[in-house]
Amino acid sequence: QLQLVESGGGLVQPGSSLRLSCAATGFTLESYNIGWFRQAPGKEREGVTCINNSGHSTTDADSVKGRFTIFRDNARNAVYLQMSSLKPEDTAVYYCAAVILPKDSYYYTCPPAGEYEYWGQGTRVTVSS
């Protein structure tokens with residue numbers, strides 16, 4: 001069965017770092033575009049960052065540029081979101097999503113949420129002192 005599972009969330013203090021994992025079962029992530037989304041309390045889901053099937057990454061959320069990095073570990077069939085200098089406004093449930101798209105699709109921007117076929121259940125990140 002095709003499945004994505006996020007992990008790594010938790011309660012952290014402002015300024016700390018956290019790494020979220022997105023692991024796949026039933027398919028190989030190397031061939032997929034992967035996106036990270038988040039939904040903060042009382043707000044709608046927003047795209048954060050993404051990586052395509054060529055390894056090119058894009059950050060859609062200006063608020064995380066320079067602080068968040070997406071990367072792949074194909075040997076582990078996983079994608080990660082490395083978060084640094086966390087702020088209270090980063091508090092949200094973080095989701096990963098996957099879809100196969102033609103090569104070079106969405107090179108300058110991340111695919112919108114509606115393009116993704118597979119979604120994880122989310123992992124909660126709370127940044128608070």
Side-chain angles (χ1 to χ4, degrees):
Q1 182 177 5
L2 303 179
Q3 188 175 14
L4 293 174
V5 179
E6 304 96 335
S7 62
L11 174 62
V12 297
Q13 293 186 335
S16 62
S17 298
L18 200 62
R19 179 178 291 182
L20 305 183
S21 299
C22 176
T25 59
F27 61 104
T28 301
L29 283 183
E30 184 176 1
S31 301
Y32 285 74
N33 291 64
I34 308 298
W36 281 100
F37 296 81
R38 67 183 182 183
Q39 187 166 15
K43 299 181 66 177
E44 295 186 348
R45 179 181 57 193
E46 67 168 337
V48 179
T49 186
C50 61
I51 187 167
N52 70 10
N53 53 16
S54 297
H56 173 74
S57 63
T58 303
T59 300
D60 272 354
D62 290 339
S63 61
V64 309
K65 289 183 177 178
R67 299 189 298 115
F68 289 14
T69 301
I70 186 172
F71 64 97
R72 294 178 178 270
D73 187 341
N74 291 332
R76 296 183 178 181
N77 201 27
V79 174
Y80 302 91
L81 180 65
Q82 180 67 48
M83 306 184 294
S84 301
S85 301
L86 284 164
K87 304 175 181 179
E89 52 263 42
D90 295 320
T91 296
V93 177
Y94 285 74
Y95 302 88
C96 67
V99 66
I100 291 182
L101 293 171
K103 187 177 181 180
D104 296 326
S105 295
Y106 297 100
Y107 186 84
Y108 296 104
T109 60
C110 291
E115 289 279 11
Y116 290 93
E117 184 175 4
Y118 306 104
W119 289 80
Q121 65 180 7
T123 185
R124 184 177 297 275
V125 174
T126 302
V127 184
S128 177
S129 60

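In this chain, residues are counted from 1 in sequence order.
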If you measure from CG on Asp60 to OG1 on Thr49, what distance do you get to the nearest 0.5 Å? 7.5 Å
Shared hydrophobic cluster for Ile100 and Leu2 (ILVMFWY, side-chain gaps under 4.5 Å): yes
What about the rings of Trp119 and Phe37, do their centers lie closer together than 6.0 Å? yes
Do Val64 and Tyr80 sit in one hydrophobic cluster, given that two such residues count as connected whenever their side-chain heavy atoms are within less than 4.5 Å of each other, even indirectly? no
Any side-chain heavy atom of Cys96 sitting closer than 4.5 Å to one from Val79? no
Kindly list each side-chain donor-acceptor pair under 3.5 angstrom involving residues 16-34, sequence neighbours excluded, with atom names and distances?
{"residue": "Ser16", "atom": "OG", "partner": "Gln13", "partner atom": "O", "Å": "2.6"}
{"residue": "Arg19", "atom": "NE", "partner": "Gln82", "partner atom": "OE1", "Å": "2.6"}
{"residue": "Arg19", "atom": "NH2", "partner": "Gln82", "partner atom": "OE1", "Å": "3.1"}

State plainly whether the residues Lys87 and Asp90 are in salt-bridge range, i.e. N to O under 4.0 Å. no
Side chain to side chain contact (heavy atoms under 4.5 Å, CB included) assessment of Phe68 paired with Thr59: CA-CA 8 Å; Phe68 289 14; Thr59 300; 5.9 Å; no
Less than 4.5 Å apart, side chain to side chain, heavy atoms only: is that true for Asn52 and Tyr106? no
same_hphob_cluster(Ile70, Met83) at 4.5 Å side-chain heavy-atom cutoff: yes
Which heavy-atom pair separates Thr109 from Thr58 by the least distance, and what is that distance? CA-CG2, 3.9 Å
Result of checking Val127, Thr126, Val125 against Leu11 for side-chain contact (heavy atoms from CB on, under 4.5 Å): Thr126
In terms of hydrophobic clustering (I, L, V, M, F, W, Y; side-chain heavy atoms under 4.5 Å; direct or indirect links), are Tyr116 and Trp36 co-clustered? no
First locate atom CG of Asn77, then atom CZ of Arg72, and finally report the distance between them rounded to the nearest 0.5 Å. 9.5 Å
Residue pairs passing the salt bridge (Lys or Arg N to Asp or Glu O under 4.0 Å) test with at least one member in residues 42-52, sequence neighbours excluded, are Arg38-Glu46
I want to check something: taking the side chain as every heavy atom from C-beta on, are Tyr107 and His56 in contact at a cut-off of under 4.5 Å? yes
Please round to the nearest 0.5 Å and tell me the distance separating atom OH of Tyr95 and atom CD of Gln121. 9.5 Å
Test of understanding: clusters of I, L, V, M, F, W, Y form through side-chain heavy atoms closer than 4.5 Å, transitively. Do Tyr118 and Tyr94 belong to the same one? yes
Measure the CD-CZ distance between Gln39 and Arg124 for me, rounded to the nearest 0.5 Å. 9.5 Å
Provide the closest heavy-atom pair for Gly47 versus Ala61 in the form atom of the first, atom of the second, distance. O-CB, 3.7 Å
ring-ring contact (aromatic ring centres under 6.0 Å, His included) against Tyr108, all qualifying residues, sequence neighbours excluded: none
Measuring only between side-chain heavy atoms, which start at C-beta, is Pro111 closer than 4.5 Å to Ser105? no
